[in-house]
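Per chain, numbering begins at 1; letters A, B, ... match sequence-line order.
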Protein chains: 2
Amino acid sequence: MSAIRTARERARAELTREIKEEARRALAASGAHDLSLRAVARALGMASSAVYRYFPSRDELLTALIIDAYDALGHDVETADGAAPPGDFRARWRAACGAVRDWARRTPHEYALVYGSPVPGYQAPEATIGSAARVPVVLLRIAGAAHAAGELTVPAAARPPGDRLVGQARRVAERLTDVGTLGLPYDAIVRIATVWTQLFGLIGFELFGHLANTFDPADELFAYSVEQMADAVGLP
Amino acid sequence: MSAIRTARERARAELTREIKEEARRALAASGAHDLSLRAVARALGMASSAVYRYFPSRDELLTALIIDAYDALGHDVETADGAAPPGDFRARWRAACGAVRDWARRTPHEYALVYGSPVPGYQAPEATIGSAARVPVVLLRIAGAAHAAGELTVPAAARPPGDRLVGQARRVAERLTDVGTLGLPYDAIVRIATVWTQLFGLIGFELFGHLANTFDPADELFAYSVEQMADAVGLP
DNA sequence: TCCATTTCGAGAGCAGTGCTCTCACTTAAG
DNA sequence: CTTAAGTGAGAGCACTGCTCTCGAAATGGA
């Protein structure tokens with residue numbers, strides 16, 4: 001985050017923002033598939049070739065939108081968690097999960113962009129992982145707080161996690177010790193991983209129409225799942 | 001399924017199959033985004049306009065591939081279930097879930113086509129629902145068989161499903177009474193719905209790179225999840 | 001057997017796309 | 001003040017989905 005000095009840099013930052021803004025509008029209107037660089041340029045009254053001064057390719061533009069989407073979702077979830085009573089861990093859990101669903105339903109095309117099929121040929125740019133981790137970090141933080149309060153009782157698994165799985169969980173914990181997961185038992189981390197996939201699996205199914213004609217208004221199924229997930233993690 | 005009479009009809013069926021075959025090849029090579037009708041036509045040595053005699057649009061071609069993908073996956077899962085000892089319900093569960101993952105890893109682009117972001121504006125064509133239901137039907141059938149054998153003990157939920165959720169589950173059961181779900185309690189159906197979303201959530205995360213650098217070889221996390229899911233449904 | 005009807009393939013063409021290149025112009029830095 | 005870098009516009013390339021027209025071929029009834 002360097003300060004903006006020259007007028008040229010200021011103009012560049014401004015235009016970069018405007019391009020992303022217009023692209024996000026087009027994305028919300030008709031999805032990533034129909035997002036056209038030329039249309040964005042047209043809406044901004046500039047030549048299509050000029051946009052390439054700011055984003056080297058269409059995929060780079062989409063990647064920028066992906067990072068922004070991760071951050072927007074992360075912000076919503078963190079805010080929802082923060083607004084719940086700190087000691088009511090289940091309320092925090094409900095708030096966080098509900099925030100994910102709300103964001104997804106509010107901006108379905110952005111959700112599809114981020115959690116749907118990877119757009120080009122699958123890219124995992126390093127720049128995204130920090131933003132992408134914000135949601136699971138919130139889930140881990142809630143469980144960590146419950147654990148610190150001595151109120152986390154992970155239900156016994158029929159079969160305990162294997163050595164490699166525990167190792168993976170430990171590495172996750174080591175990477176995130178600064179976000180409130182201190183001392184979180186490994187099986188709790190594994191459980192959070194599984195319910196994390198469940199959360200996005202359900203939301204994805206709802207958004208992409210896989211629940212049509214069965215659990216169509218998915219509100220109750222979602223609420224039920226959230227409780228089941230909280231139980232699986234061991235929240236009181 | 002009407003019998004093929006004339007040579008013209010035979011040729012038409014043959015070419016339709018060849019187009020789909022070539023399209024599937026292109027899909028596997030570079031994904032739905034890069035699938036080009038013209039390239040398919042070129043590979044088949046025909047004019048691009050001729051393909052439109054067989055598929056009215058690119059999206060219609062993709063829809064045909066979607067139905068085929070659902071059926072291929074359904075077939076694999078049904079076969080895997082059938083190959084397991086009928087009375088070992090957990091083994092059948094493992095086999096079915098594993099078959100889904102195996103198919104997804106074997107044909108990731110087809111998985112993305114079906115369970116990733118809906119491609120254009122997505123219309124959920126009626127023709128797909130029958131094929132799409134095959135996987136959940138297998139899961140329901142396994143639970144139904146366990147229930148019939150008196151070995152299904154759905155764990156008590158912290159909060160029972162609400163009225164509307166039970167109603168949705170009942171309608172699902174009514175629509176599927178002919179596939180072995182007879183007498184399956186509604187809370188079991190709801191549980192299967194939630195673990196169904198969990199199964200595809202996990203596989204989607206694995207395929208789309210959301211587990212990179214954390215649970216990267218996802219084999220153990222998957223195995224653990226499958227057991228957790230079986231527990232949640234109440235399988236012995 | 002002949003003939004009208006339909007089916008089909010091919011080619012041209014339209015509007016659109018991502019992206020590259022060149023050329024003038026403006027801004028910033030030495 | 002001069003040189004270098006940054007910027008915008010336009011033309012152009014290769015490609016896309018899709019439509020239309022036009023001959024050729026297969027089909028089915030008389």
Side-chain angles (χ1 to χ4, degrees), chain A residues 2-20 22-23 25-27 29-66 109 113 118-123, chain B residues 2-20 22-23 25-27 29-66 109 113 118-123:
Chain A
S2 59
I4 292 168
R5 345 189 120 270
T6 74
R8 181 174 266 173
E9 281 179 25
R10 179 187 298 269
R12 180 174 187 85
E14 177 74 13
L15 240 178
T16 305
R17 205 179 48 78
E18 278 185 35
I19 291 172
K20 281 203 291 185
E22 182 57 41
R25 217 186 326 266
L27 182 71
S30 32
H33 177 80
D34 293 340
L35 188 140
S36 149
L37 221 85
R38 289 178 115 110
V40 170
R42 222 176 294 128
L44 263 51
M46 64 199 300
S48 65
S49 57
V51 179
Y52 284 85
R53 299 284 183 195
Y54 298 84
F55 296 94
S57 75
R58 199 192 92 118
D59 286 353
E60 292 279 339
L61 213 195
L62 283 176
T63 299
L65 293 185
I66 287 176
H109 284 115
L113 179 67
V119 192
Y122 171 67
Q123 87 297 5
Chain B
S2 58
I4 293 169
R5 345 189 121 271
T6 75
R8 181 174 267 171
E9 282 178 24
R10 178 186 300 269
R12 179 173 187 84
E14 178 74 12
L15 242 179
T16 305
R17 207 179 47 78
E18 278 184 35
I19 291 173
K20 281 203 291 183
E22 182 57 41
R25 220 188 323 270
L27 182 70
S30 31
H33 177 80
D34 293 340
L35 188 140
S36 150
L37 221 85
R38 288 177 115 111
V40 170
R42 222 176 295 129
L44 263 51
M46 64 199 301
S48 65
S49 57
V51 179
Y52 285 85
R53 299 280 185 199
Y54 299 85
F55 296 94
S57 76
R58 198 191 92 117
D59 287 352
E60 292 279 341
L61 214 196
L62 283 176
T63 299
L65 294 185
I66 287 175
H109 284 116
L113 179 68
V119 194
Y122 192 55
Q123 70 286 3

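- Across all strands, L44(A) comes closer than 4.0 Å to no nucleic acid atom at all (heavy-atom distances).
- At a cut-off of 3.5 angstrom, counting only N and O atoms as typed in the model, there is no donor on one side facing an acceptor on the other between the side-chain of R12(A) and the base of dG6(D).
- On a pure distance criterion of 3.5 Å, a polar donor-acceptor pair joins the side chain of R53(A) and the base of dG8(D).
- Atom pair I19(B):CD1 and dG9(C):P shows a separation of 8 Å (rounding to whole Å applied).
- Using a 4.0 Å heavy-atom criterion, one finds that S36(A) contacts the sugar-phosphate atoms exclusively.
- In this structure, Y54(A) reaches the dG8(D) phosphate: one of its side-chain N or O atoms is under 4.0 Å from OP1 or OP2.
- Checked by distance alone, S49(A) brings a side-chain donor or acceptor within 3.5 Å of a matching partner on the base of dG10(D).
- Rounded to whole Å, atom C1' of dT27(D) lies 16 Å from atom CZ of R10(B).
- Atom pair R58(A):CZ and dT16(D):C1' shows a separation of 13 Å (rounding to whole Å applied).
- For the pair L62(A) CG and dC19(C) C1', the computed distance is 15 Å after rounding to whole Å.
- Heavy atoms of L61(B) sit nowhere under 4.0 angstrom from any nucleic acid atom.
- When the P atom of dG28(D) is taken as reference, atom CZ of R8(B) falls 8 Å away, rounded to whole Å.
- A salt bridge does not link E9(A) with R12(A): every distance from a Lys NZ or Arg NE/NH1/NH2 to an Asp or Glu carboxylate oxygen is 4.0 Å or more.
- R25(A) and E22(A) are joined by a salt bridge, as a carboxylate oxygen and a charged side-chain nitrogen come within less than 4.0 angstrom of each other.
- A donor-acceptor pair under 3.5 Å is formed between the side chain of R58(A) and the backbone N or O of L35(A).
- Here F55(A) lies out of heavy-atom contact (under 4.0 Å) with every strand.
- Atom P of nucleotide dC19(C) and atom CG of D34(B) are separated by 11 Å, given to the nearest angstrom.
- Among the atoms of the strands shown, only primed sugar atoms or phosphate atoms (P, OP1, OP2) are found under 4.0 Å from some heavy atom of L15(A).
- Across the protein-nucleic acid pair, R42(B) atom CZ and dG11(C) atom P stand 14 Å apart, rounded to whole Å.
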